[in-house]
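One structure is given below, encoded as structure tokens.
For the single chain, residues carry numbers from 1 onward in sequence order.
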Amino acid sequence: MRIVLVGPPGAGKGTQAAFLAKNLSIPHISTGDLFRANISKQTELGKLAKSYMDAGNLVPDEVTIGMAKDRMAQPDAENGFLLDGFPRNVSQAEALDVALKADDVKLDAVLDLEVPEDEVVKRIAGRRICRKDSSHVFHVTYSQPKQEGVCDVCGGQLYQREDDSEDTVRKRLEVYHTQTEPIIDYYRTQGLVVTISALGKVDEVTKRAMDALKGDK
Ligand code: AMP
């Protein structure tokens, strides 16, 4: 299957993407993770992306689209993928359509994770991520690790993403509403959008998502 995951920052896209990708045996492709990997390796791409990410803005399309297409061209993505955080505006969605058409393949679904804005702010403010694997996500109140600051899954160090600070979150939400939300209408005209509530326990949301995707096949 070829799936796009959309939703505001804090909707749980990264967490859900990791479970869904595993259940569906397809790679989880997160442009945010690709940028963060470049930042920790201190590549030129990482240096450029960091300035935009720290301000809560989108990294320019010229850079992002090429990086996403390179990742999608890897052999493990030949028969499907779960895109998390890409596309994030209409021109990226159009570029993705062109790339898929060139390969004579189509998206199967766009899974839209819905969550109220006050919940988003609470989730992000307390979010802590594992340095070793960013799909290991904890929360200082809702999903505490057994030992403070240490990942339950792999023992990695937990940290707060720089762009999870309150000001940057506000900016990221604004960017989501103005630039990313329009892609939902774009895909709606193609009949691809499945909307589910992202409220509740992680496994409940995963089940809801799997049921919605099965109904959509
Ligand atoms: P995420 O991990 O998906 O929340 O992304 C973190 C940050 O990376 C975003 O706030 C953007 O600055 C940048 N980013 C991730 N994906 C994209 C994209 N498709 N287009 C532009 N910027 C992106």
Side-chain angles (χ1 to χ4, degrees), residues 1-41 46 49-50 53 59 64 67-68 70-72 74-77 79-88 109-115 119-120 122-164 168-169 172 176 180 196-210 212-213:
M1 283 186 101
R2 292 178 180 81
I3 302 167
V4 167
L5 201 56
V6 285
K13 291 192 298 296
T15 306
Q16 290 304 327
F19 286 112
L20 293 171
K22 197 165 172 234
N23 284 349
L24 297 164
S25 306
I26 47 177
H28 166 203
I29 300 180
S30 155
T31 40
D33 283 352
L34 292 173
F35 285 133
R36 281 184 287 277
N38 273 279
I39 291 173
S40 41
K41 286 190 211 134
K50 189 171 183 340
M53 290 169 78
V59 180
T64 307
M67 181 185 74
D70 283 351
R71 178 62 189 88
M72 282 186 275
Q74 299 293 311
D76 65 338
N79 296 316
F81 47 70
L82 180 67
L83 293 179
D84 158 16
F86 181 87
R88 233 174 172 105
V110 173
L111 186 67
D112 168 30
L113 297 184
E114 221 173 36
V115 58
E119 177 69 17
V120 158
K122 272 192 261 168
R123 285 187 185 189
I124 295 188
R127 177 157 77 175
R128 299 292 181 270
I129 311 236
C130 174
R131 279 209 191 276
K132 283 195 192 157
D133 183 335
S134 61
S135 72
H136 303 159
V137 184
F138 297 83
H139 191 281
V140 291
T141 321
Y142 305 138
S143 173
Q144 293 174 345
K146 290 197 188 86
Q147 191 186 337
E148 198 186 321
V150 180
C151 175
D152 285 359
V153 186
C154 68
Q157 185 195 15
L158 299 182
Y159 77 109
Q160 180 171 35
R161 271 170 50 174
E162 276 180 46
D163 59 347
D164 277 353
T168 313
V169 168
R172 285 163 65 204
Y176 179 75
T180 308
I196 61 157
S197 163
L199 290 179
K201 292 199 188 118
V202 170
D203 56 344
E204 287 167 2
V205 180
T206 310
K207 180 167 187 316
R208 220 174 279 150
M210 286 300 291
L213 291 171

Taking it one step at a time, do Thr168 and Glu162 satisfy side-chain contact (heavy atoms from CB on, under 4.5 Å)?
CA-CA 8 Å; Thr168 313; Glu162 276 180 46; over 6 Å; no
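- For the pair Ile3 and Leu213, the minimum side-chain heavy-atom distance is below 4.5 Å.
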Contacts under 3.5 angstrom, residues 144-155 side chains, donor-acceptor by atom type, not counting sequence neighbours:
from	atom 1	to	atom 2	distance (Å)
Gln144	NE2	Val140	O	2.9
Asp152	OD1	Lys146	N	2.8

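- A distance of 13.0 Å separates CZ of Phe19 from CG of Leu82, quoted to the nearest 0.5 Å.
- Between Val115 and Pro8 the shortest side-chain heavy-atom distance falls below 4.5 Å.
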Donor-acceptor contacts, no H, no angles, side chain residues 197-205, under 3.5 Å, sequence neighbours left out:
from	atom 1	to	atom 2	distance (Å)
Ser197	OG	Leu199	N	3.1
Glu204	OE1	Lys201	N	3.1

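- Gln16 places none of its side-chain heavy atoms less than 4.5 Å from the side chain of Leu111.
- Using a 4.0 Å cut-off between charged nitrogen and carboxylate oxygen, Asp76 and Arg71 count as a salt-bridge pair.
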Starting from the C-alpha separation in whole Å, work towards a yes-or-no answer on side-chain contact (heavy atoms from CB on, under 4.5 Å) for Met53 and Arg36.
CA-CA 9 Å; Met53 290 169 78; Arg36 281 184 287 277; 4.0 Å; yes
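- Taking CG from Leu34 and OG1 from Thr64, the interatomic distance works out to 10.0 Å, rounded to the nearest 0.5 Å.
- One N or O on the side chain of Arg172 and one on the backbone of Asp163 form a donor-acceptor pair closer than 3.5 Å.
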Could you list the donor-acceptor pairs under 3.5 angstrom formed between side-chain atoms of residues 23-30 and any protein atom two or more places apart in sequence or on another chain?
from	atom 1	to	atom 2	distance (Å)
His28	NE2	Asp84	OD2	2.8
Ser30	OG	Gly32	N	3.4
Ser30	OG	Asp33	N	2.9

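- The distance from atom CG of Leu83 to atom CG of Leu5, rounded to the nearest 0.5 Å, is 9.0 Å.
- Side-chain contact check for Val4 versus Pro87: some heavy-atom pair is nearer than 4.5 Å.
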